[in-house]
There are 2 protein chains.
Amino acid sequence: MATLNYSKQRQAILDLLQSRKDHPSAEVIYQTLRKSMPNLSAGTVYRNLKLLTELGQIKKLTGLDGVDHFDGTTSPHSHFICQCCGKVDDVFFEADESLNEKAASHCNGKIQSHHVYFYGTCNECLKK
Amino acid sequence: MATLNYSKQRQAILDLLQSRKDHPSAEVIYQTLRKSMPNLSAGTVYRNLKLLTELGQIKKLTGLDGVDHFDGTTSPHSHFICQCCGKVDDVFFEADESLNEKAASHCNGKIQSHHVYFYGTCNECLKK
DNA sequence: GAAAAAATTAATAATCATTCCTGTTTTTAT
DNA sequence: ATAAAAACAGGAATGATTATTAATTTTTTC
């Protein structure tokens with residue numbers, strides 16, 4: 001994995017994502033880091049999130065609530081979205097080899113990867 | 001399925017989506033329908049796409065190229081995104097029952113549905 | 001079939017996440 | 001240490017989507 005992370009700002013963004021188990025948006029990342037880096041710029045956060053995503057060091061999650069969320073866990077996993085509260089949990093469940101293979105014959109091209117989103121109601125919301 | 005579709009505009013949007021196998025964006029739908037409905041408004045397209053999505057009569061696809069795309073096929077299926085040309089194909093491949101069940105034990109809630117995105121290179125792009 | 005009520009539309013303004021731009025600062029390479 | 005390259009801060013611009021409002025169309029009721 002490419003390890004060209006010079007700046008304090010970029011490293012702080014990556015560290016934050018790797019230390020959290022939730023999936024913060026760019027805005028949340030910006031507001032969180034601003035507390036310790038008062039003149040951090042929002043553009044810097046967006047630019048580095050885009051760069052880190054392209055380098056594969058973080059994952060971008062879309063289609064949750066209109067804004068993009070980011071995930072510092074790079075090992076393959078799925079996501080569970082609570083349709084009640086909007087929370088996004090990691091689901092460490094491996095369907096990988098088999099899923100790509102099974103779908104291959106139904107597909108007009110070569111599959112390289114996949115991403116599974118599960119939708120439902122989380123335990124907290126079920127209690128209500 | 002609820003069938004409360006009064007207006008010409010709403011019906012035209014639904015018909016268009018059901019007659020196409022690709023997954024047009026709101027803008028493409030707007031420009032296409034405008035040819036036969038010259039004073040169609042973009043807001044009408046967006047409002048009806050949102051409504052039809054909420055009613056479950058169409059599906060919204062996010063995270064493809066920054067803009068939302070829409071799918072008139074309601075039977076459960078997956079999608080294959082070509083990372084080369086951006087094309088989105090339907091993949092009629094059923095992993096349903098098993099996938100939700102298998103993931104259930106790894107999940108902090110009750111799974112109701114899922115959506116699988118496959119990423120790869122389509123046959124056209126492979127030839128190049 | 002016409003009048004009243006409800007729903008929908010067109011047009012336009014507003015919003016808001018994200019990207020772009022410019023001049024400055026930090027990092028890297030020599 | 002110095003020059004070149006990369007990255008930053010701050011703010012302006014972009015662009016997809018949503019909200020507003022008055023007018024029109026559709027549905028309902030008689």
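Reminder, nothing fancy here: chain letters follow the sequence lines and each chain counts from 1. Keep in mind it's a predicted model, so treat the numbers as computed, not measured.
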Next on the checklist: Is Gln9(A) close enough to dT26(C) that one of its side-chain N or O atoms is under 4.0 Å from OP1 or OP2 there?
Outcome noted: no
Checklist entry - Would you say Lys87(A) has more than 12 foreign heavy atoms packed within less than 6.0 Å of its NZ? => result yes
Next on the checklist: Between His115(A) and His115(B), is the ring centroid distance below 6.0 Å?
Outcome noted: no
Next on the checklist: Need to verify one output field. Residue with the more 5' nearest nucleotide on DNA chain D, Asn48(A) or Ala26(B)?
Outcome noted: Asn48(A)
Checklist entry - dG15(D) P sits how many Å from Asp65(B) CG, rounded? => result 14 Å
Checklist entry - Taking OP1 and OP2 of dG10(D), is either one under 4.0 Å from a side-chain nitrogen or oxygen of Ser41(A)? => result no
Next on the checklist: Whole angstroms only, please: what is the OH-P distance between Tyr46(B) and dA10(C)?
Outcome noted: 15 Å
Checklist entry - Would you say a side-chain N or O of Arg47(B) is under 4.0 Å from OP1 or OP2 of dT9(C)? => result yes
Checklist entry - Rounded to the nearest Å, what distance is computed from the CG atom of residue Asn39(A) to the C1' atom of nucleotide dC8(D)? => result 9 Å
Checklist outcome for this item: Arg34(A) atom CZ is separated from dG10(D) atom P, nearest whole Å, by 9 Å
Checklist outcome for this item: Assign each of Gly66(B) and Ala42(A) the nucleotide of DNA chain D bearing its closest heavy atom; nearer the 5' end lies the nucleotide of Ala42(A)
Item to check | Side chain to side chain, Lys59(A) and Thr73(A), heavy atoms closer than 4.5 Å | outcome: no
Checklist entry - So Phe93(B) and His106(A), would you call those rings parallel, tilted or perpendicular, with 30° and 60° as cut-offs? => result tilted
Next on the checklist: Using the rule given for ring pair (Phe, Tyr, Trp, His ring centres under 6.0 Å), can you reason through Phe92(B) versus His77(B), listing the C-alpha separation, both sets of side-chain angles and the distance that settles it, and then say yes or no?
Outcome noted: CA-CA 5 Å; Phe92(B) 290 99; His77(B) 63 285; 5.1 Å; yes
Item to check | Leu40(A) CG to dA9(D) P, straight-line distance once rounded to whole Å | outcome: 5 Å
Item to check | Distance in angstrom units between Leu49(B) CG and dT17(D) C1', rounded | outcome: 11 Å
Next on the checklist: Side-chain N or O of Lys8(B) versus OP1/OP2 of dT9(C): is the shortest distance under 4.0 Å?
Outcome noted: no
Checklist entry - Counting side-chain heavy atoms from CB outward, which of dT18(C), dT18(D), dA6(D) is closest to Tyr6(A)? => result dA6(D)
Checklist outcome for this item: Separation of dA10(C) atom P from Tyr30(B) atom OH, nearest Å, is 9 Å
Next on the checklist: Using whole Å, what does the distance between atom C1' of nucleotide dA7(C) and atom CG of Leu51(B) come to?
Outcome noted: 11 Å
Checklist entry - When you check the phosphate oxygens OP1 and OP2 of dC8(D), does a side-chain N or O of Ser7(A) lie under 4.0 Å from one of them? => result yes
